[in-house]
Engineer: 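So that we are looking at the same thing, I have put the structure below in structure tokens.
The figures that follow rest on heavy atoms only: side chains count, while hydrogens, waters and symmetry mates do not.
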Amino acid sequence: MADFILCPHCLSRVETGKEQCPFCDKSLRNSNPPGTLAYASLLAGRYTVGRHISTDGEGVLYAAVENTGGVRVMVKEYFPVTLSDGRDSEGAIQPKEGREVLFKTARMDFADLYRSIMRITPVTGLAAVLDVVEANNTVYAVLEQVSGETLSHYLAEHPGCLPPAQARSMLQPVMEGVAALHKAGLIHRGISPENILLTSGGIPRLCGYGTLGLRTEGSELKCCLYEGYSAPEQYSAAEFEGRYTDVYGLAAVFYRLVTGQTPVSARQRLVSDSLAEARRLEPSVPGHVSGVLADALALDPAERVQNVPELMGALVSERAAESLRSPGRDWLVSGKSLLAGSLVVIAVLFALLLWSILGRETVQDVPNSESQPTSSEVAEPVLVPSFVGYTYSQLQSDPQFSASYRFVITSQEYSSDYAQGVVIRQSPEADTTATEEVPLIELVISKGPEKVEMPNIIGFTRESAEKELAANNIKASFFMIENNGDWASDCVVRTDVEAGTFIDVNKVTVNVYIAKERVVINPPEPTAGPTPSPEPTPEAGG
């Protein structure tokens, strides 16, 4: 069978080398920039290359299609401009002379990064890595194509600032995703509104993965940093980067959401630090939130909030924020906090006074209440409701749920019964009890129906048709029909689903009609009848 691609426009199967799709009549001629992969070309025998999206110091990003399932994806090609010398006639990327070792080392780092992310995705708040393939003397990372808009585009369309509670709900999935990266020993280093996608299902996704060299100034690669969001240690190849580097980026995005202003660039702050605390720019920001952001945006990594769970907890809880306060930092404390502190001091003094009056012996006769948990120390059991049928964004934005439960997406699955983005399972299950003060609910989210394109199997033998349908996970029923001689025996005559139609494989069973053996009808034999009388011959004479 000849090599084929899927038309990037209509996803119809087309033989390679065609300049126009015979189904949608749109052009398949190469329109990508010189030096990049050709438009509508075949990559690794499996992916159809689409349009060029962008180029950075690490490589090239393309839209693409996975040919087997007709799924639209993104492909990142390792093609560092500082280490490469273009392509040869076969399309293989050539390293620059004298930089061959560095080219291979950076290529290995690229492959290792995306393979590591592939192992932990899908996970809350992260764009999934679907595949990593090697071809053309380089490496390609295949990413899910997330539909939606970037956070930077959203902010441009919605000027102003968000309430801190809304900002927390918006960024929580991303923070959970970054925490998952850190748990796997990975650091993102590119957290910014440009790399956060707001999906149509309401779940923000972090994309824009990159190696250390891409996100560090002064490295061997042409770096790509984000002014206002990249941490100060990223502006020098001599500085060490860690989890606190991503804490800086997350805090910078949160700062932008609640103040409406991009933080002062770390490059400028290293010369003269003029970053205003969030509360000065927007008085509605609570004092503890403003203080947490100031600590998380500290220039010195040692003075910064060190990990994402600490940042998440401190942005939600004033008590957690107080425990992280930097020495000497004067945060604004609410009147309620001062009153509560005063009452505690008074209670302690009263207890000491009571101790001195009654004497130690009297106290020893009192039952040891400290060994018994009080009602304030043990959380009351909570009956967990059903969250099935809600979207993740609904659970985060509804104060009834967001204030009482913590939600984390553990996986995503295809479902014919639930739309994309809707909860299909939860743990703990509904109507069970939880004893935590704020129970953690693990969610399984629907990816929507698993739809595939019906292949054209007309003329296939039954065996070949069964294999083709099975490869596309399509269920089928086969029916034998009479053959009047117009069809090849044991071959597909028709199907009740037209080729090119996208079907839900969990709900649709395709009926396939197979021709029986040809029936040969011989012409009828002539039947025996009375022997005709010989014609009379004329008599002689007259």
Side-chain angles (χ1 to χ4, degrees), residues 54-59 61 76 78 80-83 102 105-106 109-110 112-114 116-117 125-127 141 150-152 171 174-175 177-196 206-257 261-275 292-308 310-311 326:
S54 61
T55 300
D56 59 30
E58 188 176 62
L61 184 66
K76 180 69 177 289
Y78 170 74
V81 293
T82 57
L83 305 178
L102 187 56
T105 302
D109 292 341
F110 180 93
D112 290 345
L113 169 67
Y114 282 96
S116 297
I117 298 173
L126 296 180
T150 63
L151 179 58
S152 59
L171 286 185
V174 173
M175 291 188 179
V178 176
L181 285 176
H182 291 176
K183 188 175 181 180
L186 306 171
I187 305 172
H188 190 281
R189 303 184 183 90
I191 300 170
S192 75
E194 287 292 329
N195 288 329
I196 296 175
L206 180 64
C207 59
Y209 307 120
T211 58
L212 172 63
L214 181 66
R215 303 298 185 203
T216 305
E217 194 168 271
S219 70
E220 293 290 344
L221 300 182
K222 182 180 179 182
C223 73
C224 178
L225 301 183
Y226 301 94
E227 296 298 318
Y229 302 97
S230 295
E233 58 268 22
Q234 294 179 259
Y235 288 89
S236 171
E239 297 292 333
F240 183 77
E241 300 173 20
R243 296 179 178 182
Y244 47 74
T245 303
D246 285 344
V247 168
Y248 188 102
L250 289 169
V253 174
F254 199 99
Y255 183 101
R256 166 62 182 85
L257 294 179
Q261 297 188 25
T262 302
V264 178
S265 168
R267 188 198 307 271
Q268 179 179 335
R269 292 181 64 201
L270 289 169
V271 178
S272 176
D273 191 1
S274 57
L275 179 67
V292 168
L293 292 178
D295 268 4
L297 291 170
L299 291 174
D300 186 350
E303 297 180 0
R304 204 176 297 161
V305 178
Q306 294 296 294
N307 58 64
V308 176
E310 286 183 353
L311 177 64
S326 296

Engineer: Looking only at non-hydrogen atoms, find the nearest pair between Glu241 and Leu212 and report the distance.
Structural biologist: OE1-CD1, 3.6 Å
Engineer: Hey, what do you get for CG (Leu102) to CG (Leu83), rounding to the nearest 0.5 Å?
Structural biologist: 5.0 Å
Engineer: Nearest 0.5 angstrom please: Leu206 CG to Leu250 CG, how far?
Structural biologist: 8.0 Å
Engineer: Just how far is it from atom OG of Ser265 to atom OH of Tyr226, taken to the nearest 0.5 Å?
Structural biologist: 14.0 Å
Engineer: Measuring from Leu61:CG to Ser54:OG, what's the distance to the nearest 0.5 Å?
Structural biologist: 4.5 Å
Engineer: Taking the side chain as every heavy atom from C-beta outward, state whether Ser236 and Glu217 have any pair of such atoms under 4.5 Å apart.
Structural biologist: no
Engineer: Which atoms form the tightest heavy-atom contact between Ala266 and Ala231, and what is the distance?
Structural biologist: CB-C, 4.1 Å
Engineer: Step by step, would you call Gln268 with Ser274 a side-chain contact (heavy atoms from CB on, under 4.5 Å)?
Structural biologist: CA-CA 8 Å; Gln268 179 179 335; Ser274 57; 3.9 Å; yes
Engineer: Return the minimal non-hydrogen interatomic distance between Gly177 and Leu126, and the atom names on each side.
Structural biologist: O-CD1, 3.5 Å
Engineer: Is the backbone N or O of His182 less than 3.5 Å from a side-chain atom of Arg243, with the two atoms forming a donor-acceptor pair by type?
Structural biologist: yes
Engineer: Is any side-chain heavy atom of Tyr244 less than 4.5 Å from a side-chain heavy atom of Val305?
Structural biologist: no
Engineer: Which pair of heavy atoms, one from Ser230 and one from Tyr248, lies closest together, and at what distance?
Structural biologist: O-CE2, 3.5 Å
Engineer: Which pair of heavy atoms, one from Val174 and one from Ile196, lies closest together, and at what distance?
Structural biologist: CG2-CG2, 4.2 Å
Engineer: Heavy-atom distance under 4.5 Å between the side chains of Val178 and Val247, does that happen here?
Structural biologist: no
Engineer: Hey, are Arg215 and Asp56 close enough for a salt bridge, meaning a charged N less than 4.0 Å from a carboxylate O?
Structural biologist: no
Engineer: Where do Thr150 and Ser152 land on the side-chain hydrogen bond (donor to acceptor under 3.5 Å, both in side chains) test, with the steps shown first?
Structural biologist: CA-CA 5 Å; Thr150 63; Ser152 59; 3.0 Å; yes
Engineer: Does a side-chain heavy-atom distance below 4.5 Å link Leu225 with Tyr235?
Structural biologist: yes
Engineer: Is Leu171 close to Phe254 at the side-chain level, that is, under 4.5 Å between some pair of heavy atoms?
Structural biologist: yes
Engineer: Establish, from distance only, whether the side-chain atoms of Thr216 and Gln234 form a donor-acceptor pair under 3.5 Å.
Structural biologist: no
Engineer: Quick check: do Thr262 and Tyr255 have side-chain heavy atoms less than 4.5 Å from each other?
Structural biologist: no
Engineer: CD/Glu194 to SG/Cys224 distance, rounded to the nearest 0.5 angstrom?
Structural biologist: 9.0 Å
Engineer: Could you check whether any side-chain N or O of His188 sits under 3.5 Å from a backbone N or O of Gly210, counting only pairs where one atom can act as donor and the other as acceptor?
Structural biologist: no
Engineer: What I want to check is whether the side chains of Tyr209 and Asn195 have a donor and an acceptor closer together than 3.5 Å.
Structural biologist: no
Engineer: Quick one: CG on Asp246 to CE on Met175, what's the gap to the nearest 0.5 Å?
Structural biologist: 11.5 Å
Engineer: What is the minimum heavy-atom distance between Gly218 and Ala237, and which atoms define it?
Structural biologist: O-CB, 3.9 Å
Engineer: May I ask you to test the Cys223-Leu214 pair for a side-chain heavy-atom distance under 4.5 Å?
Structural biologist: no
Engineer: For the backbone of Leu297 and the side chain of Asp295, can you confirm whether one donor and one acceptor N or O come within less than 3.5 Å of each other?
Structural biologist: no
Engineer: Check the angle between the aromatic planes of Tyr78 and Phe110 and answer parallel, tilted or perpendicular using the 30° and 60° thresholds.
Structural biologist: tilted
Engineer: Using the salt bridge (Lys or Arg N to Asp or Glu O under 4.0 Å) rule, pick out the option among Arg304, Arg189, Arg267 that qualifies with Glu233.
Structural biologist: Arg304
Engineer: Say whether, by atom type as modelled, one donor and one acceptor occur between the side chain of Glu58 and the main chain of Thr211 under 3.5 angstrom.
Structural biologist: yes
